[in-house]
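Since the structure is predicted, the reported quantities are computational estimates derived from the model, not experimental observations.
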Amino acid sequence: MSAFYDQIDEIMGAADDVTDIVATVRKCWFYDFKDDPIRLWDGQGDFTDSAGNEWLGTVDANGRNLHKSPALQDGRDGSSATYNFSLTIPSIPGQETLALYEALKADQSKVFGRKLTCYLVIFLEGEGLRPDTPLSFYKEMVMFSPKFSESIERATSGTIVKTYTASITAKDNNHGRSETPDRTYADTMQKRRAAQLGVSVDRGSEYLALLANRTYQVP
């Protein structure tokens, strides 16, 4: 049994009543970008897991989570939901936000087809970030081409700031099961696949319906 579930047994074993069990489970996200993997978790501060990996907290000093992640579905029925993840580029001392944003745009080729893995981690109430925190695997997905956007927002202080955001679309490992040889094509699905691949315009299937049930003589 993993250290994660050993910790759950320890928490439950020391409790005399169900109200004594107070623990929080958070999600951790491993973006396995080519050459530059990133580990994030939905909380404040950084912690180190039992394998010695450092996970960066995405909640800022104002309590705002810069990392937006969707609820994950159970894919055991064979379905493959589309998930959208986004990260607002934080202000890092000594680094210009725009320069970091442009660097991410320049490295977007390192994203397509790479793995995005979700883990679970337990934190006890009143306890700080512990070293050697155990993790539990939750779900693995495949990432597609990223998108980048800029916006102007009003900060809590009332000042106007420019915000830079990077977003990624991902699907679980059921993705592609329906893409068998000799499959049929539809314009809507072709455009959806093109968007996932980062292609802005794909009209390859737009006129297929007009060509149906016609006879053509090849000269």
Side-chain angles (χ1 to χ4, degrees), residues 26-46 53-73 80-119 138-173 175-176 187-206:
R26 297 288 180 90
K27 289 186 175 68
C28 302
W29 309 93
F30 176 43
Y31 289 84
D32 190 18
F33 301 137
K34 183 180 179 181
D35 302 326
D36 294 297
I38 296 177
R39 293 177 172 85
L40 306 175
W41 78 283
D42 295 329
Q44 285 187 330
D46 304 341
N53 300 310
E54 185 179 18
W55 299 78
L56 308 178
T58 57
V59 177
D60 63 15
N62 297 319
R64 182 180 61 148
N65 194 343
L66 302 177
H67 180 244
K68 303 299 182 184
S69 58
L72 301 181
Q73 300 180 20
S80 181
T82 299
Y83 302 104
N84 296 307
F85 298 83
S86 66
L87 177 67
T88 301
I89 309 303
S91 298
I92 301 177
Q95 289 191 357
E96 186 181 352
T97 304
L98 177 58
L100 180 58
Y101 174 74
E102 293 295 341
L104 291 176
K105 291 177 67 174
D107 290 339
Q108 59 182 291
S109 60
K110 299 180 178 181
V111 176
F112 182 80
R114 304 292 293 182
K115 299 293 185 181
L116 168 57
T117 308
C118 178
Y119 296 91
Y138 186 66
K139 194 177 185 69
E140 184 179 80
M141 292 157 281
V142 178
M143 294 184 287
F144 295 89
S145 296
K147 296 181 180 180
F148 300 87
S149 62
E150 306 173 21
S151 62
I152 297 178
E153 300 178 357
R154 185 179 298 275
T156 54
S157 60
T159 58
I160 302 298
V161 296
K162 194 166 187 178
T163 301
Y164 303 93
T165 303
S167 60
I168 287 176
T169 298
K171 283 180 170 287
D172 65 23
N173 289 333
H175 168 70
D187 181 49
T188 301
M189 296 306 298
Q190 186 72 5
K191 285 182 168 59
R192 182 179 300 176
R193 283 191 288 266
Q196 292 174 349
L197 296 174
V199 179
S200 58
V201 178
D202 187 336
R203 306 185 66 179
S205 297
E206 191 167 320

Next on the checklist: Is there a side chain to side chain contact (heavy atoms under 4.5 Å, CB included) between Phe85 and Met141? Walk through the geometry before answering.
Outcome noted: CA-CA 12 Å; Phe85 298 83; Met141 292 157 281; 4.1 Å; yes
Next on the checklist: If you apply the rule side chain to side chain contact (heavy atoms under 4.5 Å, CB included), what do you find for Ile38 with Trp29, and how did you get there?
Outcome noted: CA-CA 8 Å; Ile38 296 177; Trp29 309 93; over 6 Å; no
Item to check | Derivation of the side chain to side chain contact (heavy atoms under 4.5 Å, CB included) call for Val142 and Lys171 | outcome: CA-CA 5 Å; Val142 178; Lys171 283 180 170 287; 5.6 Å; no
Next on the checklist: Using the rule given for side chain to side chain contact (heavy atoms under 4.5 Å, CB included), can you reason through Arg114 versus Leu116, listing the C-alpha separation, both sets of side-chain angles and the distance that settles it, and then say yes or no?
Outcome noted: CA-CA 7 Å; Arg114 304 292 293 182; Leu116 168 57; over 6 Å; no
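A donor-acceptor pair under 3.5 Å is absent between the side-chain atoms of Lys68 and the main chain of Asn84, judged by distance alone. Using modelled atom types, no side-chain atom of Asn62 and backbone atom of Arg64 make a donor-acceptor pair closer than 3.5 Å. A distance-only check finds a donor-acceptor pair linking the side chain of Tyr83 to the backbone of Gln73 [under 3.5 Å]. The backbone N or O of Cys118 lies less than 3.5 Å from no partner atom in the side chain of Glu140, so there is not a single donor-acceptor pair. At least one donor-acceptor pair under 3.5 Å links the side chain of Gln108 to the backbone N or O of Lys105. Arg39 contributes no side-chain N or O that, together with a main-chain N or O of Glu54, makes up a donor-acceptor pair within less than 3.5 Å.
For Lys147, the NZ atom is loosely surrounded, since the number of other residues' heavy atoms within 6.0 Å does not exceed 12.
In terms of the ring-ring contact (aromatic ring centres under 6.0 Å, His included) criterion, residue partners of Tyr101 (sequence neighbours excluded) are, by chain and number, Phe148, Tyr164.
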